[in-house]
Every structure is written in structure tokens, then in C-alpha cells.
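See below for the structure under consideration.
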2 protein chains.
Amino acid sequence: MTDTRTRLVEAAAALLDEGGPSAVTLREVAGRVGLSHNAPYRHFKDKDMLLAGIAERELVVSRQNWQAVVDGNMTLIDALREHLRRAIAWPERFSLTYGPWPAAVKHALTSGTEAQQAFLSAVVAAQARGELPPGEPERLARLILATANGAATQVINGHLARGGKWNGDAEDVVTDLLAFLNRD
Amino acid sequence: MTDTRTRLVEAAAALLDEGGPSAVTLREVAGRVGLSHNAPYRHFKDKDMLLAGIAERELVVSRQNWQAVVDGNMTLIDALREHLRRAIAWPERFSLTYGPWPAAVKHALTSGTEAQQAFLSAVVAAQARGELPPGEPERLARLILATANGAATQVINGHLARGGKWNGDAEDVVTDLLAFLNRD
DNA sequence: ACCTGAACACCGTTCAAGT
DNA sequence: ACCTGAACACCGTTCAAGT
């Protein structure tokens, strides 16, 4: 049996996916786990910390994704595509994870800096393999991640609706960026 | 005397700047204008539509900013810097404006598509002046805007904290992008 | 250590009523 | 046409009390 804390995070994530942030109420989360409406306070300081539990889980997956590039099991472009696929498949989780956090919560999100560090290592590995041009990896990393997350946000918020003048999807944007980065 | 509707939007924007989304309550907004807590319902269908009024104002400014590029009064890079300066000076307004909207609200945000159209025109003008390389302007536009808004989001959410390994600011990210786009 | 039930302050929204 | 006051359902959070 998985512990109560994990089951609360899972129930919260499911509610987030189903109905967005407003659907995640402590009463409904606790109800799905079969507990009273204030039982979550035994496991999380407040609601923000419960939401941070969802983000924590996402960031762990994200770190593993970048780590696969470092380990040579994936190209950076494929890892970026996977990142975007997850963002668009679970837009609410993406917005929550990469959205604004109260300062107190962000400090507790240790896997956030770990994921960031892993992405930087992935960029370094990609450079070594010739998938990216040489240059300061920090600058390349933040440029690529800003573009990828910006493109995901555009798609999620409907600013890249298929069929319109801005036809296309998030993967095309990243493909275009990498084409410019690697132009002889 | 400015009309009540405008004063409600101004009060809401001020509250948003001061304390974030949670500080924008209909009771406090109405109170600042000297009205009872449900007077806003005579001017807006619901709270989301009041918030859309804030975004509407921001998008009008944004459109004017891109229009200055079309009119030859500004370079695209300077307009992008101005866009980023505004985003970081008023992070809550930026997150609200370019964040997720309920479908019903987005349909009412006509100035959103106008701002997008103006940005596309600005890219075309920049290409004509040699500030950007040739190619499909739609692809360039979405790449640049995704990068700019992604970089702004990184800064706002503290993922580009000065002094850390990812040292730098949003303007540097856009500068790097344009340098790659224009590399001989 | 973990959970419950009652209570509190707060919020968005609705409605009947006023001018 | 615009506004008020009371009311409703809902929410996050706290606290005393139970096992």
C-alpha cells in the first residue's frame, strides 16, 4: 500500500488534469483518498506545499529525461520533443510546474534545480557530440529552454492554433531554433 | 471623470501589481472605487471578464509597441527589449496577460489577435530592413516571440537568478537568439 | 502519530429590492 | 441603468478532541 502522502499527491494531480487548478480543493483531494477535508494538513504545511508535491514529481521525470541525453541514450532534440509532448499532453501540470511559485515553496522545490542542472549537462553532452555548436553552454541552455517552454506555453494557451496564420506546433519552433543554431 | 468600468479595471490592475492574483477580490476592487462588493457585476459578466479587462489594456500597449517597428520609429530588437522590460517591471500583469485563459474569455480578447498580427508585421518590416534574415515571417515570428516570452517567464519565476550558474537576464537571451539568426 | 468534526473568516455569485 | 444588502454555497485554515 502506497503511503497517504503519495496518494494525496496522486489525487491532486488527477484533479488538476481533469479540471484545472480550481478543481484542486483540499476537500475533494482528501475525499478521493477517503479522508476528512483537513487530513492533508498532517502531511503538507498548506495547499501550496501539496501542489509543490505535484511539481516535484514532474521535475523528477524531467531530470531523468535530460539525464538520458547525458548517458547517450537519447539525442537532445528527441529529449526536447519528449519534453514538449509531455507539456502538451498534460498542460495543467506543465503550467503548474513551470509557473509562478511563492518564494517559500520554490525553496522547497529542490528537484527544480536538479532538473536545471541535468539540462545543462545534456547541452554539454550534445555539444560534445556535435548536435549543438560550441560556445558557453549556460547561454545555449537558457536560450533553448526559454524557447522550448515559451513554445509549449503558446500552444497550451492557444496562440499557435493549427490552421491559423501561426500554423504549426511547439516541436516546429524548437526544430527551427536548432536549425539556426547549427547553420554551418 | 473616467467611467466606472475603467476605474474598476484600474483598481484591479493596481491590486494585481501589489499582491498578485489572490489579492484581486471583487470586494476589494469595488471597495477601492467606493462601491459595494457586487457592483462590478453591472459592468462585467464575472471576475474572469474583469481580469480580461486588465489583459486587454496590456495587449493594446503591446500592439502599439510592435506598430512602432512597422512605422520605422523603432528597431525590432529595441521593441523586444521594451517588451521584456515591461514584463519584468510588472510580472503579474505579464503572467496574467500571456497565461492561460478560459475559452470563453479568450474569444472576447480581440486585442490579443491584433497584437499578434502587429508583431508579425513588425517581423516583416524588420526583414525588409535587414534586421532579420529572409524566410517565412510566420516561422520567425513565433520563434522570436516564444523565446522572448519564455525568457521573461524564466526571469519572473526566478529561473535566471543573477549571480547563479544561469546568470543573465531576459534581454541577453533575446540578444543571443538574434545573433544566431543573423550569423552571416 | 494520524485523523475527525466543528468553527472561522473569506470568497464569487445570485437575487430581491431600491433610485 | 446602476447600485445596495442579505443570503448561499464554497473554500483554506485552525483548533480542540479523539485513537
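Numbered from 1 within each chain, the chains take letters A, B, ... in sequence-line order.
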Arg85(A)/Glu82(A) ion pair, N-O < 4.0 Å = yes
From CZ of Arg7(A) across to P of dC2(C) the rounded distance in Å is 15 Å
Leu26(B) CG to dG5(D) C1', in whole Å, measures 16 Å
note: Arg42(B), atom CZ; dG18(C), atom C1'; distance rounded to Å ~ 12 Å
Base-pair string, DNA chain C, Watson-Crick plus G-U, cut-off 3.5 Å on both distances, | for inter-strand, is ||.|||||...|||||.||
### Message
Using a strict threshold of under 4.0 Å (side-chain N to carboxylate O), is an ion pair present between Arg142(B) and Glu138(B)?
### Response
no
message = Check whether Arg63(B) reaches the backbone of Glu58(B) with its side chain - one donor and one acceptor, N or O, closer than 3.5 Å.
response = no
Here the distance between atom C1' of dG5(D) and atom CG of Leu35(B), to the nearest Å, is 14 Å
Charged N to carboxylate O under 4.0 angstrom, Arg86(A) versus Glu92(A)? no
Review point. Which part of the nucleic acid does Val24(A) contact within heavy-atom distance under 4.0 Å: base, sugar-phosphate only, or nothing?
Key: sugar-phosphate
request  = Say whether Phe119(B) and Val70(B) are linked into one hydrophobic cluster, either directly or through other cluster members, by side-chain heavy-atom distances under 4.5 angstrom.
outcome  = no
When rounded to whole Å, the CG to C1' distance for the pair Asp3(B) and dC2(D) reads 13 Å
Nearest-nucleotide check on DNA chain D, Lys45(A) vs Thr4(B); residue mapping nearer the 5' end is Thr4(B)
Nearest-nucleotide check on DNA chain C, Thr25(B) vs Asn38(A); residue mapping nearer the 5' end is Asn38(A)
Practice prompt. Taking only the side-chain nitrogens and oxygens of Tyr41(B), find out if one of them lies under 4.0 Å from OP1 or OP2 of dG12(C).
Written response: no
Between NE2 of His37(B) and C1' of dC8(D) the distance, given in whole Å, is 11 Å
task = Would you classify His43(B) as touching base, sugar-phosphate or nothing, given that sugar-phosphate means primed atoms plus P, OP1 and OP2, and contacts are heavy atoms under 4.0 Å?
result = sugar-phosphate
Whole-Å distance, Arg5(A) CZ to dC3(C) C1', equals 18 Å
Atom CZ of Arg27(A) and atom C1' of dT4(C) are separated, to the nearest Å, by 13 Å
Consider only side-chain N and O atoms of Thr6(B) and Asp3(B), and report whether a donor and an acceptor are under 3.5 Å apart. yes
Practice item. Side-chain contact test, heavy atoms from C-beta onward, threshold under 4.5 Å: evaluate it for Trp66(A) versus Leu120(A) and give yes or no. Key: no
